Enquirer: 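I have a structure I would like to understand better, so I am pasting it below and will then ask my questions one at a time.
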Number of protein chains: 2
Amino acid sequence: MAMHINAFEMLADPTRRLIVEALRDGERPVNDIVRRAGIHQSGVSRHLRLLHDAGFVSIRPEGRRRVYALQPGPFRELEAWIAGYRRLWEARLDRFGAALEERRNDGAAKEEPGQ
Amino acid sequence: MAMHINAFEMLADPTRRLIVEALRDGERPVNDIVRRAGIHQSGVSRHLRLLHDAGFVSIRPEGRRRVYALQPGPFRELEAWIAGYRRLWEARLDRFGAALEERRNDGAAKEEPGQ
DNA sequence: CATATATATTTATGGCCATGCATATTAATG
DNA sequence: CATTAATATGCATGGCCATAAATATATATG
């Protein structure tokens, strides 16, 4: 429900990546994940809560289980961010543009073209 | 030169993302980046070192400047990782497969199909 | 209702990391 | 060679976060 949490920070943690990868090919209840995660159940629950807050996963109660599943949103965000760097490897990088003229006004920063 | 550093951890830090974004449209010397980063020069230098160790940037000495530029490698890695989740939003997620049969062997973890 | 199972949360703790300051290095310049 | 500019590094510090243990909550089951 909270999108103020950065997607990269989420995936920075190895355990969280492991959880996400465990959910890659389908939803799973918590204990399923605990077995592969190699950490305490409370830790997995906390990570799942963070992932849920960040919009990475959905929760579906099923009896006394809580079934978690990946959500597409954050992945779209990541894809979009990286897309901005695609020309890095698809074309040669063009060294023209802002870098040159920026180097000109050496003493004081006046305006940033990028953002 | 060291690829043992995870790309997500690199981009988890806001300052580091800011640096990467500052280099998006071309190479820049350190002081150029310091101006936009809003943190001390030593901090920028340290981040640039980390980014270099992780293969994100190259260094080109130019007089007494050190000109940094983005490198495609880590971005390709990221792209590849996310590509594994593309069906999440391109198709509906299929809830069959491993999740079901995993739920069957409840008591003990025996083998993981995914990895 | 008592008990067991599944998950969440509270609390405490240790460790890592981003930052700033001071200093070192390297290079240009006079 | 002394000085200044540009960048890097050693050191100390504060804060955040991942983890575990204990406890709470919720749900199935007898």
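Naming: A, B, ... by sequence-line order, numbering from 1 per chain. Quick caveat, the model's predicted, so the values are computed rather than measured.
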Enquirer: For every nucleotide of nucleotides 13-20 of chain C, 5' to 3': is a protein heavy atom under 4.0 Å from its base (B), only from its sugar-phosphate (S), or from neither (-)?
Expert: -----SBB

Enquirer: When the distance from CZ of B:Arg49 to C1' of C:dT25 is rounded to whole Å, what number comes out?
Expert: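 It is 14 Å, rounded to the nearest whole Å.
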
Enquirer: Does A:Asn31 put a side-chain nitrogen or oxygen below 4.0 Å from OP1 or OP2 of C:dT7?
Expert: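 Yes, A:Asn31 has a side-chain N/O under 4.0 Å of OP1/OP2 on C:dT7.
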
Enquirer: I'd like to check the side-chain contact (heavy atoms from CB on, under 4.5 Å) partners of B:Ser42; sequence neighbours left out, ordered by chain and number.
Expert: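 Checked B:Ser42 against side-chain contact (heavy atoms from CB on, under 4.5 Å); matches are B:His40.
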
Enquirer: Can you list the residues that meet the ring-ring contact (aromatic ring centres under 6.0 Å, His included) rule with A:Phe75, with sequence neighbours excluded?
Expert: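 So A:Phe75 forms a ring-ring contact (aromatic ring centres under 6.0 Å, His included) with A:Phe56, B:Tyr85.
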
Enquirer: Taking atom CD1 of B:Ile33 and atom CG of B:Leu23, what is their separation to the nearest 0.5 Å?
Expert: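 Between B:Ile33 CD1 and B:Leu23 CG, I get 4.5 Å after rounding to 0.5 Å.
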
Enquirer: Sequence neighbours left out, what passes side chain to side chain donor-acceptor pair (under 3.5 Å) with A:Glu9? Give chain and number order.
Expert: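 A:Glu9: no side chain to side chain donor-acceptor pair (under 3.5 Å) contacts found.
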
Enquirer: If you restrict it to nitrogen or oxygen atoms, what contacts under 3.5 Å exist between nucleotides 25-28 of chain D and the protein, and what is each distance?
Expert:
none

Enquirer: So, is B:Tyr68 near the phosphate of D:dA6, with a side-chain N or O under 4.0 Å from OP1 or OP2?
Expert: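 Checking B:Tyr68 against D:dA6: no side-chain N or O falls below 4.0 Å of OP1 or OP2.
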
Enquirer: For residues 14-35 of chain B, pull every pair meeting ring-ring contact (aromatic ring centres under 6.0 Å, His included), keeping only residues two or more places apart or in separate chains.
Expert: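 Counting only pairs at least two positions apart or across chains, no ring-ring contact (aromatic ring centres under 6.0 Å, His included) contact touches residues 14-35 of chain B.
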
Enquirer: Name all residues meeting the salt bridge (charged side-chain N to carboxylate O under 4.0 Å, His left out) criterion together with B:Arg17; count only those two or more places apart in sequence or in a different chain, and write none if there are none.
Expert: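 B:Arg17 satisfies salt bridge (charged side-chain N to carboxylate O under 4.0 Å, His left out) with no residue once adjacent residues are dropped.
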
Enquirer: Holding to side-chain contact (heavy atoms from CB on, under 4.5 Å), I want the full list of residues that pass it with B:Ser45, two or more places apart in sequence or in another chain.
Expert: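 Residues passing side-chain contact (heavy atoms from CB on, under 4.5 Å) with B:Ser45: B:Val30, B:Gln41.
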
Enquirer: Tell me, please, which residues at least two apart from B:Arg16 pass side chain to side chain donor-acceptor pair (under 3.5 Å).
Expert: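 Here the qualifying residues are B:His47.
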
Enquirer: Rounded to the Å, how far apart are A:His52 NE2 and C:dT9 C1'?
Expert: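 About 16 Å, once rounded to whole Å.
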
Enquirer: Between D:dA18 atom P and B:Phe8 atom CZ, what is the distance in whole Å?
Expert: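 In whole Å, D:dA18 P and B:Phe8 CZ are 16 Å from each other.
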
Enquirer: Taking CZ from B:Arg66 and P from C:dA28, how many angstroms apart are they, rounded to a whole number?
Expert: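 Roughly 12 Å, once rounded to whole Å.
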
Enquirer: Calculate the interatomic distance between B:Leu48 atom CG and D:dA6 atom P; express it in whole Å.
Expert: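 So the CG-P distance, B:Leu48 to D:dA6, works out to 16 Å.
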
